[in-house]
Amino acid sequence: MNIQKIREDFPILSNEINGKPIIYLDNACMTLKPTQVIEAMNEYYYEHPACGGRSVHKFGTQVSIKCDRARKKVKKFLNADDSKEVIFTRNTTEGINLIARCYDFQKGDVVLTTDREHNSNMAPWHIMRELKGIKHEIVRSNPDNTFNMEAYQERMGKDVKMVSMVHTSNLEGYTIPAEEIIKIAHDHGALVMLDGSQSAAHRFIDIKSLDVDFFSFSIHKMCGPTGMGVLYGKYHLLKDLSPFIVGGDTIYETNYKTSKFLDPPNRFEGGLQNYAGILGSGAAVEYLSNIGMKNIQEHETKLNTIMTSKLDNISNVHIIGPKEPEKRAGIVAFWVDDMDAHDLAMILDEVANIMVRSGMHCVHSWFNSRGINGSTRASAYLYNTEEEAKIFGDTLEEVLGKME
Ligand SMILES: Cc1ncc(COP(=O)(O)O)c(C=O)c1O
């Protein structure tokens with residue numbers, strides 16, 4: 001992987017702030033965008049800024065053809081069977097909500113999550129408990145935040161209808177043993193949805209061999225446009241779901257009394273779409289595939305090893321999750337004794353343009369249950385360099401040294 005060449009694809013990285021380079025380590029929240037993605041979106045606005053799927057004129061036809069192509073690129077990226085299994089959404093949150101709302105849950109059905117879920121895979125189940133009387137139960141993690149397979153196996157039973165879990169966590173980068181979890185769920189007749197917002201961007205996903213039923217992820221976390229996500233679903237399952245947001249483009253036909261809906265994916269893509277975003281999404285997955293997801297994963301581990309080794313030696317720093325950086329993708333998240341996470345993030349930004357995330361990262365339930373106020377999180381991606389990882393570690397050491 002030629003990092004310097006990759007960096008040239010990201011125009012923002014050639015900018016400086018206050019005469020210093022930018023060190024962007026907030027990739028778990030949102031990644032930067034390469035020229036290839038920006039151009040794909042601009043092409044839409046400059047060359048055929050019209051409606052896809054309906055208008056039969058030249059602009060409309062161009063948009064429809066290019067959106068179909070983008071859907072096929074996502075299908076290929078996931079190694080899915082059929083592009084009809086790819087639904088464009090606004091983000092991971094929308095995909096999870098779609099399944100929560102549209103699956104035929106009955107009173108008493110159990111949905112299992114981990115204790116480390118993003119609010120996007122927690123709040124929808126709270127709502128469904130109110131609306132349909134489902135039971136939301138939690139599989140507690142091991143003390144080092146790894147998945148507790150024994151607890152999961154013990155709880156699994158015929159009343160569990162869905163297992164909905166974060167694949168790679170934004171809390172600390174840990175990836176659950178998804179294959180085993182899925183196999184056990186299927187053996188008990190339960191479906192599995194993975195929140196793939198931190199995995200699709202960072203590791204190779206072979207959706208067929210994973211055998212997951214639903215997989216929701218955000219394109220903005222993988223070099224793509226903001227406000228774009230994807231929900232993958234096995235086609236026979238998507239076909240059985242009731243519609244979500246209905247209206248234009250979801251309809252086969254209507255009369256004054258009833259509506260007949262189209263098959264997936266159209267059934268779930270109501271109204272005029274974010275066409276520029278769809279084209280940018282196709283460009284983003286193609287960009288990542290060309291670099292190679294395995295290369296990206298290896299690179300992130302290398303950077304995380306550098307960052308972690310520095311943090312390991314600072315006595316008042318507490319890293320969240322497993323000790324080994326190779327078990328935490330590109331993420332190192334930590335709290336510091338007697339120091340507010342936001343203050344630290346602001347200082348890093350101020351002194352060295354190091355952009356990290358601070359707070360509870362939308363995993364409030366985990367932090368609240370442990371009485372921790374929040375963490376500072378550095379998350380690396382394909383364009384970060386070893387030099388940046390070292391600067392991050394050195395700057396942190398210097399800042400915390402001065403605080404003592
Ligand atoms: C693990 C995880 N799940 C869900 C989400 C929600 O993603 P979005 O805001 O794109 O819907 C995020 C975003 O940070 C995340 O990290």
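We use all heavy atoms of the structure for the numbers below, so side chains are in, but hydrogens, waters and symmetry mates are not. Both counts, for ligands and for their atoms, begin at 1 and track the order of listing.
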**Student:** For the residue pair Phe215 and His167, does the interplanar ring angle fall in the parallel (under 30°), tilted (30 to 60°) or perpendicular (over 60°) class?
**Tutor:** perpendicular
**Student:** Can you pull out the closest protein heavy atom to atom 16 (O) of ligand 1? Residue, atom name and distance to 0.1 Å, please.
**Tutor:** Gln198 NE2, 2.8 Å
**Student:** Would you say the side chains of Asn384 and His299 form a donor-acceptor pair under 3.5 Å?
**Tutor:** no
**Student:** What atoms of ligand 1 come within less than 4.0 Å of a heavy atom belonging to Val166?
**Tutor:**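 Result: 1 (C).
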**Student:** For atom 1 (C) of ligand 1, which candidate among Ser120, Gly229, Ser197 provides the closest heavy atom?
**Tutor:**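 Comparing heavy atoms across Ser120, Gly229, Ser197, the nearest one to atom 1 (C) of ligand 1 lies in Ser197.
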**Student:** Between Thr92 and ligand 1, which residue portion shows a heavy-atom distance shorter than 4.0 Å: side chain, backbone, both, or neither?
**Tutor:** both
**Student:** So which protein heavy atom does atom 11 (O) of ligand 1 come closest to, and at what separation?
**Tutor:**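 The protein heavy atom lying closest is Thr93 OG1, 2.5 Å.
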**Student:** Is it true that Glu172 and Lys327 have a side-chain N and a carboxylate O under 4.0 angstrom from each other?
**Tutor:** no
**Student:** Compute the shortest N/O to N/O distance between Ser169 and ligand 1 and return yes if it is under 3.5 Å, no if not.
**Tutor:** no
**Student:** Looking at Lys20 and Glu16, is there a salt bridge between them, counting it only when a charged N and a carboxylate O are closer than 4.0 Å?
**Tutor:** no
**Student:** Between Lys234 and Glu85, does at least one N-O distance fall below 4.0 Å, as a salt bridge requires?
**Tutor:** no
**Student:** Against the six-membered ring of Tyr235, is Lys84 placed for a cation-pi contact (under 6.0 Å from the centre, within 45° of the normal)?
**Tutor:**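 Judged by the rule, Lys84 and Tyr235 form a cation-pi pair.
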**Student:** How close does the nearest protein non-hydrogen atom get to atom 3 (N) of ligand 1, and which residue and atom is it?
**Tutor:**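 Ranked first by proximity to atom 3 (N) of ligand 1 is Asp195 OD2, 2.5 Å.
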**Student:** Do Asp26 and Arg357 meet the salt-bridge criterion of a basic N to acidic O distance under 4.0 Å?
**Tutor:** no
**Student:** What is the ring orientation for Phe105 with Trp125, classed by angle as parallel under 30°, tilted 30 to 60°, or perpendicular over 60°?
**Tutor:**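 The arrangement is perpendicular - the two ring planes meet at more than 60°.
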**Student:** At a non-hydrogen distance cut-off of under 4.0 Å, which region of Arg90 contacts ligand 1 (side chain, backbone, both, or neither)?
**Tutor:**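 Looking at Arg90 and ligand 1, no heavy atom falls under 4.0 Å.
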**Student:** For ligand 1, which atoms sit closer than 4.0 Å to a heavy atom of Lys221?
**Tutor:** 7 (O), 12 (C), 13 (C), 14 (O)
**Student:** Under 4.0 Å from a heavy atom of Asn91: which atoms of ligand 1 are those, numbered in the order shown and with their elements?
**Tutor:** 8 (P), 10 (O), 11 (O)
**Student:** At a non-hydrogen distance cut-off of under 4.0 Å, which region of His220 contacts ligand 1 (side chain, backbone, both, or neither)?
**Tutor:** side chain
